[in-house]
Each structure stands twice: as C-alpha cells, then as structure tokens.
Amino acid sequence: MEETEVILQNIQLPQDDICDKYDMYFHREGEVFYLKEGEVEFNKGGVCVLDTYFNGISIDKWKKYTNIGKITAKICLKGRFKVWTGYVYRVSSTDIRRIITYRTVVESDGRTELTIPFEDGKGMLYMQMEALSDTGVFYGGTYNTEVESERNVRIGIGICTFKREEFITKNIGILNERVFENSSSMLNGHLEVFISDNGKTLDIDRLSSEHIHMFRNKNTGGAGGFTRTLIEMWSGNKEYKLTHALLMDDDILLDVGSLERTYRILSIVKDEYIGTFIGGAMLRNDNKDVQEEAGASWNAGKLISYKKGLSLLDTEPCLYNESEERYEFNAWWYCCFPMTVVNDKNLPLPIFIRGDDLEYGLRNMKNLILMNGICVWHEPFENKYSSFLNYYITRNMFIDNAFHFPDYGAGDAVKDFSLLALREILLYRYKNARLLMRGVEDFLKGVDFFLETDGEKLHKEIMSGGYRMEEPEKLGRKVYLRDYEEILFKDDSRKHKIIRALNMNGHWAPVKKDTVTVSMSQVNTSNNYRVREVINYDIISGKIFITKKDNKEMFSCLMKFIGLRIKLRFKYNKAKNDFISRGDELKSLDFWKKYLELD
C-alpha cells in the first residue's frame with residue numbers, strides 16, 4: 001500500500017498570550033533571539049535546541065500507540081546552519097544520554113524549506129541548529145511521518161461553564177482564528193464545540209456559529225453540564241458524525257497544539273488502542289512551566305497526582321514525564337475518549353462536582369495516553385478554596401468507593417469522615433463540619449435521594465450553608481501579610497499536638513490571643529490554638545471569612561458528629577449496596593432528561 005505523508009507535530013514557537021516560557025519551546029546558547037512575529041533570529045555561533053516540552057518528539061509513545069513510519073523535519077531557514085538530529089533518553093533517575101544520529105550543513109540566501117531526516121531512537125527525538133553565518137533566521141516548521149492510512153476522526157469538544165465569559169470568549173476566539181477560519185489547519189473539518197451554559201449568562205447569538213453549539217442548561221454543576229454536552233453529541237451524532245468526545249474545563253488556557261497532537265494520535269492509533277483515552281496535563285496558570293498533574297489515581301479517595309511539581313523548562317523532567325504510571329483517570333480539564341463509550345445507559349453520575357470525572361474514568365478507562373505537549377493551563381487547586389465543597393467531598397467519595405472499591409467498608413468510612421469533620425470543628429469552621437455531616441446523611445439515603453432531589457435547588461442550599469468570602473474592609477478587618485506568612489510556615493511539636501488534642505484544640509482552655517490570620521486552604525489546626533477569632537485569608541482573591549471560637553457550637557457539632565458516626569457505622573453497607581444494585585438508574589438518559597428538565 002502506498003504511504004502518504006502527514007504532519008506528526010507542528011514545531012511550536014511561543015505565543016505570549018498563551019505561554020511566554022521560552023525554554024518550554026527551545027533551549028538557546030549564544031546569541032539567539034525570539035522575535036514576537038514568530039521567528040527565531042541567530043547571530044553567528046548561536047545554537048537552538050528543540051529538546052523541549054513542546055518540540056521534542058515522544059518517540060517511545062508514538063511508536064507504542066500509533067502506526068508511525070519514518071520521521072522527517074520540514075523547516076524554514078535563512079542563512080548558513082549546521083543541523084543535527086538525534087535523541088536523548090534517561091540512563092538512570094539522575095542521568096540522561098544524548099546520541100547524535102545525523103549531521104548536515106545547509107545554506108540559503110532567502111527563506112527556504114528544507115527536509116531533515118531523523119534516524120530511529122528512544123526517549124525524545126530532537127533537532128539542533130547552529131548559525132554558521134553572521135545572521136540566520138528559523139521560521140518554524142513541522143515534524144512529518146509516512147503512514148499507510150488514516151482513521152476518520154471528528155472530535156466533539158464539550159465545555160461546561162458557569163459565568164466564565166472571559167475564558168469562554170478567549171478560547172472560542174483561539175479556535176475560530178486557528179482552526180475554523182484556517183483552512184490549512186489539520187483540525188479544520190474535524191472539530192465541533194458544545195458549550196453548556198449553566199449560568200445562563202453567555203451571549204449565545206453572538207458566540208455560536210456553524211461549529212460552535214451553545215445551550216442554556218440547568219445549574220447542576222460540572223456533572224450536569226458535561227453530561228449535557230455528551231447528550232447533545234450522542235443524540236445529534238447522525239449529523240455530527242463524531243468519533244470522540246473531549247471534555248474541557250471552562251477556566252483553562254488552551255493551546256491548539258494540544259488539540260493537534262490529540263487528533264494525530266487518534267488518526268493513526270493502532271487497532272489495539274482504538275478505545276484509548278487521551279489526557280492533558282494540568283500546568284499552573286500562575287507559573288506556567290510547573291506541572292500540577294499528569295494523570296491520577298483515585299486510591300480510595302486519597303488522590304495521587306502523578307508528576308506533580310515538575311518544572312518543564314529543562315529536558316530531564318520532560319524525559320521523566322515519558323514514564324507511564326498506573327493511571328486510573330484523567331480529570332476533565334482535558335480528557336478525550338471514544339464516542340462508543342457514550343450511550344443512553346452509560347452517562348456520568350449526577351454528583352454535581354468533585355468526583356464525577358474520576359468515577360466516569362474508573363468506570364470506562366482501560367488505557368490512558370499522556371504526552372508532552374498535550375496540556376492546559378489551569379488555576380492550581382490550592383487557589384480554589386470554596387467552603388461549600390465540604391458537602392460534596394465526603395458524600396461523593398463514599399459514592400465513588402461504593403461503585404469501585406468493594407473492600408472499602410464501614411470502618412474506613414467512619415475513619416475518613418471522622419478525620420475530616422473533627423478537623424473542621426477544631427479549626428472553628430463549624431459550618432464546614434455541618435456541611436460534611438449533611439453530605440454523609442445524604443449518602444446514607446442511597447439512590448432515592450438523587451432520584452427525588454432537585455440538584456440546582458440543593459446546591460443553592462449548600463452554598464448558603466457555607467462561609468462566604470468578602471473583602472476585608474467590608475468585614476471591618478485588615479490583613480497583614482507578614483502575620484499570614486509567619487503562621488503559614490509555623491511548626492508544631494509532638495508534645496504540643498498531644499496538649500491540643502486533650503483540650504479540643506483550645507476549646508477547653510482560656511483564650512491566649514485575640515486574632516490570627518491563616519490560609520483558607522493550607523491552614524493547620526495548630527494555627528488557631530487558644531485564639532478567639534480567625535481571619536481565613538485567600539491570598540489570590542484577597543478575600544476573607546471570619547470564624548470564632550464558640551464552645552456552644554463546638555459542643556453541638558460534636559454531639560451531632562458522635563451520633564452520625566454511630567449511624568454511619570451501622571448503615572454504611574446498606575447505602576453502599578443500594579448504589580451498587582440500583583446505581584445504573586442514575587447513569588441513564590431517561591434519568592438525566594428528567595434531572596435536567598429536557599423533556
């Protein structure tokens with residue numbers, strides 16, 4: 001069969017409106033300058049190396065999962081250059097080795113396209129250029145491969161949003177400019193976008209188009225919004241002819257290169273991996289070279305975020321990214337899977353938020369492909385504190401474990417619930433403790449609770465039951481950063497922990513300090529020991545909420561906690577078995593149409 005040449009990866013140059021960390025795109029030695037117009041300019045002796053997160057070739061994964069052939073680079077240069085190709089791989093956990101397999105000298109008086117071959121290798125294939133003339137310019141290019149055939153791939157992007165107009169407008173603009181209005185894009189003709197507007201605030205008439213489909217949706221959280229997009233894709237697929245769904249958060253920053261790489265993997269994937277999921281890593285939007293997660297394991301609620309904290313500016317951590325883990329799911333900030341997964345009996349669970357994506361992954365994902373260059377930028381977890389989440393965290397953890405961890409029993413549930421609830425009581429966050437307890441109570445009601453409850457109304461109640469973040473001035477308080485930082489890194493001795501445990505973290509001891517400022521998300525129970533008032537501060541938004549030592553409220557929460565702990569011990573298995581035996585009722589199209597009021 002005759003082979004055809006396709007673009008494997010576009011060589012990506014930085015776009016300052018997306019990511020200005022140049023070392024994620026190319027490494028430089030000598031006088032090499034990146035120009036905003038998308039060109040790299042060299043003075044004589046300047047070296048540019050593409051052994052980077054975005055421009056290295058993850059050759060082991062391309063060979064494992066796809067039918068790639070010989071690889072070449074088509075690059076545009078002006079000037080006289082020495083060009084190398086080769087590969088770099090890990091010899092051990094601390095050492096890497098480079099092998100050069102091809103060298104040549106090229107020369108051009110004007111902008112010229114040149115073809116550079118790659119030999120076989122392992123780890124990461126890469127290319128290197130050195131200017132031999134006084135000046136030279138690199139204009140970019142592509143990595144190409146030859147394939148015998150391509151699969152027909154059409155991806156439906158599903159986005160759930162709630163009052164995030166700025167993010168939605170920007171990402172739609174990127175897709176319009178670089179895909180839908182760009183006939184040369186490899187994605188042109190292969191994407192449809194479905195946006196569930198849970199907040200009912202988007203200008204649908206202005207933002208919708210032939211390939212961007214938007215609809216108002218009942219505010220039933222991420223679970224309800226993403227499920228609505230899947231329903232729209234599945235029910236309209238005679239028209240759309242989608243092969244894959246790609247679910248993405250609304251508050252991400254997206255690079256089209258991630259979509260291109262995803263599309264190319266799917267178009268030449270091997271038969272044995274045709275049902276694979278493809279995930280995108282989460283990078284921090286406040287420090288764009290730092291990776292927060294690349295695949296995860298649920299671990300019965302004790303989440304493992306793989307490859308967390310890697311700085312992707314250097315080659316070595318990018319090579320570490322190439323190693324694969326025991327993935328159990330990929331979060332829905334960027335998760336692509338076959339449309340064959342979606343049907344009228346296999347939709348997500350209606351658990352609003354926190355656990356919907358992982359449960360669907362645990363249920364359906366058999367294999368996950370992660371690759372350098374497939375990512376989104378997202379606000380880090382510690383910057384997204386919300387009091388109301390306490391209701392969903394424990395409730396949804398118990399539901400997910402009921403379906404997927406049969407060995408997780410009543411004793412485990414009591415232990416996990418106790419640790420979470422007591423912590424909130426000791427922190428004077430009594431409202432959070434009550435939200436946790438309400439979540440446990442609702443779990444014990446089983447499947448009928450979800451069949452009979454309006455998710456939107458429930459969420460409004462839960463929101464009103466938590467702490468509301470306000471500007472410090474509105475609450476008549478001032479926040480001093482020095483005080484906040486001193487508390488943030490304060491250590492606690494073992495002896496002090498014992499003393500605090502004996503007197504309920506100072507509830508049964510006289511007040512020693514009037515006020516303290518703590519982190520909302522990184523607080524320790526030692527921070528508010530024998531303190532009258534706590535200013536809970538979010539350093540990102542600058543907002544606060546206030547909690548106060550209240551022995552009466554502590555005692556009331558403690559009595560409710562003790563009673564619920566006993567109830568959970570004796571009724572956990574009944575609720576667990578109800579979800580196991582009747583849980584399919586919550587995954588059906590009939591249920592979701594009623595839940596979202598689509599009929």
Side-chain angles (χ1 to χ4, degrees), residues 221-223 226 247-249 251-252 277-285 290-310 320-321 323-335 337 348-349 351-370 375-409 411-424 432 435-436 439-440 443 519-524 576 579:
F226 283 121
L247 302 186
M248 296 195 315
D249 276 347
D251 55 348
I252 61 166
F277 280 44
I278 297 178
M282 174 187 157
L283 277 54
R284 296 177 67 105
N285 65 2
V290 177
Q291 182 172 268
E292 279 290 294
E293 183 174 299
S297 284
W298 172 231
N299 196 29
K302 299 169 181 65
L303 184 71
I304 301 172
S305 294
Y306 291 115
K307 309 297 195 306
K308 179 179 174 65
L310 290 184
Y320 179 53
N321 252 356
S323 62
E324 297 187 295
E325 310 285 354
R326 187 180 64 85
Y327 306 117
E328 291 184 297
F329 75 100
N330 197 88
W332 282 352
W333 50 66
Y334 190 104
C335 185
F337 47 86
L349 289 176
I351 54 180
F352 199 91
I353 195 171
R354 286 297 177 97
D356 46 349
D357 51 357
L358 73 90
E359 193 283 325
Y360 204 61
L362 292 172
R363 193 194 321 168
N364 295 295
M365 191 182 83
K366 303 299 185 292
N367 189 75
L368 176 66
I369 298 175
L370 296 162
C375 66
V376 296
W377 288 270
H378 195 286
E379 189 174 13
F381 302 130
E382 70 267 21
N383 294 349
K384 299 186 73 174
Y385 181 85
S386 295
S387 177
F388 73 84
L389 288 176
N390 285 277
Y391 169 80
Y392 295 104
I393 289 170
T394 308
R395 188 199 72 174
N396 295 353
M397 178 177 71
F398 289 169
I399 293 170
D400 290 339
N401 283 342
F403 283 113
H404 300 289
F405 287 88
D407 293 338
Y408 186 91
D412 301 303
V414 168
K415 178 182 176 182
D416 287 340
F417 162 60
S418 299
L419 290 172
L420 290 168
L422 283 174
R423 171 180 163 80
E424 296 303 319
N432 288 357
L435 286 171
L436 275 164
V440 172
F443 163 77
S519 165
M520 281 187 194
S521 58
Q522 296 173 281
V523 64
N524 188 290
K576 171 184 173 179
F579 280 104

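In what follows, residues are counted from 1 in the order of the sequence shown.
Between Trp333 and His378 the shortest heavy-atom distance is CB-CD2, 4.1 Å. Here the shortest heavy-atom pairing between Asn285 and Pro380 reads OD1-CD, 3.8 Å. Of all heavy-atom pairs spanning Val523 and Arg423, the tightest one is O-NH2, 2.8 Å. Residues Phe579 and Ala402 come closest through the heavy atom pair CB-CB, 4.2 Å.
The side-chain heavy atoms of Asp416 and Lys302, taken from C-beta on, include a pair separated by under 4.5 Å. Side-chain contact between Pro406 and Asn401 is absent, with no heavy-atom pair separated by less than 4.5 Å. Side-chain atoms of Phe226 and Asp249, non-hydrogen and from C-beta on, do get closer than 4.5 Å to each other. Residues Arg363 and Leu349 meet the side-chain proximity criterion, which asks for heavy atoms closer than 4.5 Å. Residues Lys307 and Leu370 fail the side-chain proximity criterion, which asks for heavy atoms closer than 4.5 Å.
Using modelled atom types, no side-chain atom of Asn390 and backbone atom of Leu435 make a donor-acceptor pair closer than 3.5 Å. Side-chain N or O atoms of Glu328 include one that pairs as donor or acceptor with a backbone N or O of Trp298 at under 3.5 Å.
Qualifying ring-ring contact (aromatic ring centres under 6.0 Å, His included) partners for Tyr306, counting only residues two or more places apart in sequence or in other chains: Tyr327. Partners of Arg284 according to the salt bridge (Lys or Arg N to Asp or Glu O under 4.0 Å) rule, which considers only residues two or more places apart in sequence or in another chain, are Asp286, Glu292, Glu382. Residues meeting the ring-ring contact (aromatic ring centres under 6.0 Å, His included) test with Phe398, sequence neighbours left out: Phe443, Tyr572. Residues meeting the salt bridge (Lys or Arg N to Asp or Glu O under 4.0 Å) test with Lys415, sequence neighbours left out: none. With sequence neighbours left out, Tyr334 forms a ring-ring contact (aromatic ring centres under 6.0 Å, His included) with no residue at all. Judged as a side chain to side chain contact (heavy atoms under 4.5 Å, CB included), and not counting sequence neighbours, the contacts of Asn367 are Tyr65, Tyr273, Thr276, Ile369. Checked against salt bridge (Lys or Arg N to Asp or Glu O under 4.0 Å), Asp251 has the following partners two or more places apart in sequence or in another chain: Arg164, Lys384. Under the salt bridge (Lys or Arg N to Asp or Glu O under 4.0 Å) criterion, Glu424 pairs with no residue at all, not counting sequence neighbours. Applying the side chain to side chain contact (heavy atoms under 4.5 Å, CB included) rule to Asn364 yields the partners Phe277, Val341, Asn346, Tyr360; only residues at least two apart in sequence or on another chain are considered. For Leu420, the side chain to side chain contact (heavy atoms under 4.5 Å, CB included) test picks out Thr394, Leu436, with sequence neighbours left out. Residues meeting the side chain to side chain contact (heavy atoms under 4.5 Å, CB included) test with Asp356, sequence neighbours left out: Ala223, Trp332, Ile351.
To the nearest 0.5 Å, atoms CG (Leu303) and CE (Met397) are separated by 12.0 Å. To the nearest 0.5 Å, atom SG of residue Cys335 and atom CG of residue Leu358 are 11.0 Å apart. The CG atom of Leu368 lies 8.5 Å from the CD atom of Glu324; values are rounded to the nearest 0.5 Å. Note that the CG atom of Asn432 and the CZ atom of Phe388 stand 11.5 Å from one another [nearest 0.5 Å].
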One pair to check against side-chain contact (heavy atoms from CB on, under 4.5 Å): Asn321 and Gln291. What are the steps and the verdict?
CA-CA 10 Å; Asn321 252 356; Gln291 182 172 268; 3.0 Å; yes
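Listed by first and then second residue, the salt bridge (Lys or Arg N to Asp or Glu O under 4.0 Å) pairs that reach into residues 394-409 come to none, sequence neighbours excluded.
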